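None of these values were measured; they are calculated from a predicted model.
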Amino acid sequence: MKNVYVLALAALVAGASFNTAEAAKKKKQKKQVAIVETLAPVVLTTGSDSMSYAGGMTLTIGLVDYLQQQMKVDTAYMADFVKGFNETVNDTNDPREMARRAGRQIAEQVKQGMLPRMKKDFEETPDGIIDSTLFRGFADALNGDSTIFTAAKAEEFFKQKQLYNQQARKERLSKPGRDFLARNAQEEGVITTPSGLQYKVLVKGEGKVPQRTDKVKVHYEGRLIDGTVFDASSKHGTEPVSFQPTQVIRGWTEALTMMPVGSKWRLFIPQELAYGERQTGNIPPYSALIFDVELVGIE
């Protein structure tokens with residue numbers, strides 16, 4: 001039923017757009033001429049009149065470029081913009097106009113802010129967001145139309161679907177890393193800690209083991225499981241990088257507080273101990289990571 005509703009709504013919008021596009025264009029062009037022709041002549045009788053008129057014109061300096069670039073207004077319809085401006089400044093106390101103006105402002109907030117964020121949350125998931133259907137649900141809720149959902153049922157349904165889709169996305173994107181770590185755990189010399197961190201000792205150090213509050217000096221190279229190098233201390237100069245173990249991802253914190261100075265370990269870090277769902281630089285969400293880490297010293 002939901003798909004039928006969506007398709008019917010989409011067909012209705014598409015059909016209306018196809019049949020009325022030319023008519024609407026001609027109508028707007030005629031309206032534009034009518035607005036320009038019916039503007040009252042300007043009469044400036046006092047210094048305040050002249051100053052105010054000139055001041056109004058100066059407020060438009062740079063406005064056309066702003067309208068085109070930032071608000072995506074087609075300046076072929078500037079008369080319609082002027083009409084909207086005049087309606088707003090002349091009808092500030094009209095409750096119907098105030099409501100319409102509020103509706104336009106909220107529409108822009110939804111289109112420019114809320115909708116893109118919601119669509120991003122559903123990227124690469126089984127379900128997605130359809131703009132026109134979302135707008136219809138928005139309007140129906142405000143009109144009190146509960147034919148399909150009550151507001152409470154809609155919220156409950158949306159939260160359930162959101163959770164399902166986010167979990168499905170996490171499972172799909174994290175699967176390569178999970179499979180890699182499962183295979184890697186069977187490799188000779190690989191040690192797995194209770195947290196899921198895996199490491200292999202490449203060089204055994206004999207120095208002091210850092211505390212969480214110490215400042216350590218390390219050389220490192222970070223790779224995705226396909227071998228892509230996304231960062232390395234060599235990219236930041238020849239000297240080792242310094243930081244506290246608590247200032248990095250959890251997998252590093254755990255490893256650094258087990259490594260004696262002079263050690264070089266290869267770390268295999270599950271996404272839960274790395275960046276999780278965050279896209280960080282060239283690191284995709286839910287990525288397992290590999291690091292070669294050499295602990296040079298403690299400051």
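With rounding to the nearest 0.5 angstrom, the CG atom of Asn165 is 15.0 Å from the NZ atom of Lys170. Expressed to the nearest 0.5 Å, how far CG of Asp140 lies from OG1 of Thr147 amounts to 7.0 Å. Put simply, CD on Glu254 and CD1 on Ile249 are 11.0 Å apart, with the number rounded to the nearest 0.5 Å. For the atom pair CD1 of Ile283 and CG of Asp231, the computed distance is 7.5 Å after rounding to the nearest 0.5 Å. Separating the CD1 atom in Ile191 from the CG atom in Leu197 is a distance of 10.0 Å, to the nearest 0.5 Å. How far NZ of Lys264 is from CG of Asp292: 5.5 Å, rounded to the nearest 0.5 Å.
Residue Ser50 comes nearest to Leu44 through the heavy atom pair OG-CB, 3.9 Å, listed as atom of the first residue, atom of the second, then distance. For Asp49 against Val43, the heavy-atom pair with the smallest separation is OD2-O, 4.3 Å. Closest non-hydrogen pair, Thr75 versus Val64, comes out as CG2-CG1, 3.8 Å.
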Exercise for review: Step by step, work out the side-chain hydrogen bond (donor to acceptor under 3.5 Å, both in side chains) result for Thr193 and Ser195.
Suggested key: CA-CA 5 Å; Thr193 72; Ser195 70; 3.0 Å; yes
**Study point:** From CA spacing to verdict: side-chain contact (heavy atoms from CB on, under 4.5 Å), Asn282, Thr228
**Key:** CA-CA 9 Å; Asn282 296 325; Thr228 301; over 6 Å; no
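Side chain of Asp214 to backbone of Gln211: a donor-acceptor contact under 3.5 angstrom is found. Under the 3.5 Å distance criterion, the side-chain polar atoms of Gln244 are matched with a main-chain donor or acceptor of Thr213. The closest donor-acceptor contact from the side chain of Arg169 to the backbone of Glu123 lies under 3.5 Å. Listed for the Ser233 side chain is no donor-acceptor partner under 3.5 Å among the backbone atoms of His219. Under the 3.5 Å distance criterion, the side-chain polar atoms of Gln279 are matched with a main-chain donor or acceptor of Gly281. Looking only at distances, no side-chain donor or acceptor of Asn143 sits under 3.5 Å from a matching main-chain atom of Asp145. Using a distance-only test at 3.5 Å, with no hydrogens or angles considered, a donor-acceptor pair links the side chain of Arg250 to the main chain of Glu272. A donor-acceptor pair under 3.5 Å is absent between the side-chain atoms of Ser263 and the main chain of Met259, judged by distance alone. Arg278 contributes no side-chain N or O that, together with a main-chain N or O of Pro284, makes up a donor-acceptor pair within less than 3.5 Å. With hydrogens and angles ignored, the 3.5 Å screen pairs a side-chain donor or acceptor of Asp74 with a backbone N or O of Ala76.
Checked for salt-bridge contact, Lys217 and Glu239 miss the test: no charged N lies under 4.0 Å from a carboxylate O. A salt bridge links Asp131 with Lys119: at least one charged nitrogen is closer than 4.0 Å to a carboxylate oxygen. Salt bridge status for Glu124 with Arg172: present, with a side-chain N to carboxylate O gap under 4.0 Å. A salt bridge links Glu155 to Lys159: at least one charged side-chain nitrogen sits closer than 4.0 Å to a carboxylate oxygen. A salt bridge is absent between Lys120 and Glu277: the closest approach of a Lys/Arg side-chain nitrogen to an acidic carboxylate oxygen does not fall below 4.0 angstrom. A salt bridge links Lys161 with Asp127; the closest basic N to acidic carboxylate O contact falls under 4.0 Å. With respect to the salt-bridge test (charged N to carboxylate O, under 4.0 angstrom), the residues Arg117 and Asp121 do not qualify. Under the 4.0 Å criterion applied to side-chain N and carboxylate O atoms, Asp179 and Lys175 are assigned as salt-bridge partners.
Following chains of ILVMFWY side-chain contacts shorter than 4.5 Å, one cannot reach Leu273 starting from Leu181, and the two form parts of different hydrophobic clusters. With hydrophobic clusters built from ILVMFWY side chains whose heavy atoms lie under 4.5 angstrom apart, Tyr275 shares a cluster with Val248. Hydrophobic clustering (ILVMFWY, side-chain heavy atoms < 4.5 Å, transitive): Leu115 and Phe138 are in one cluster.
Below 30°, between 30° and 60°, or above 60°: for Phe243 and Trp252 the angle between ring planes is between 30° and 60°, a tilted geometry. Between Phe180 and Phe268, the ring planes are tilted. Angles from 30° to 60° get that label.
Here the two rings, on Phe122 and Phe158, have centers that are under 6.0 Å apart.
With no hydrogens or angles considered, a side-chain donor-acceptor pair links Glu171 and Gln167 at under 3.5 Å.
Contact check for Leu224 versus Leu289: side-chain heavy atoms found under the 4.5 Å cut-off.
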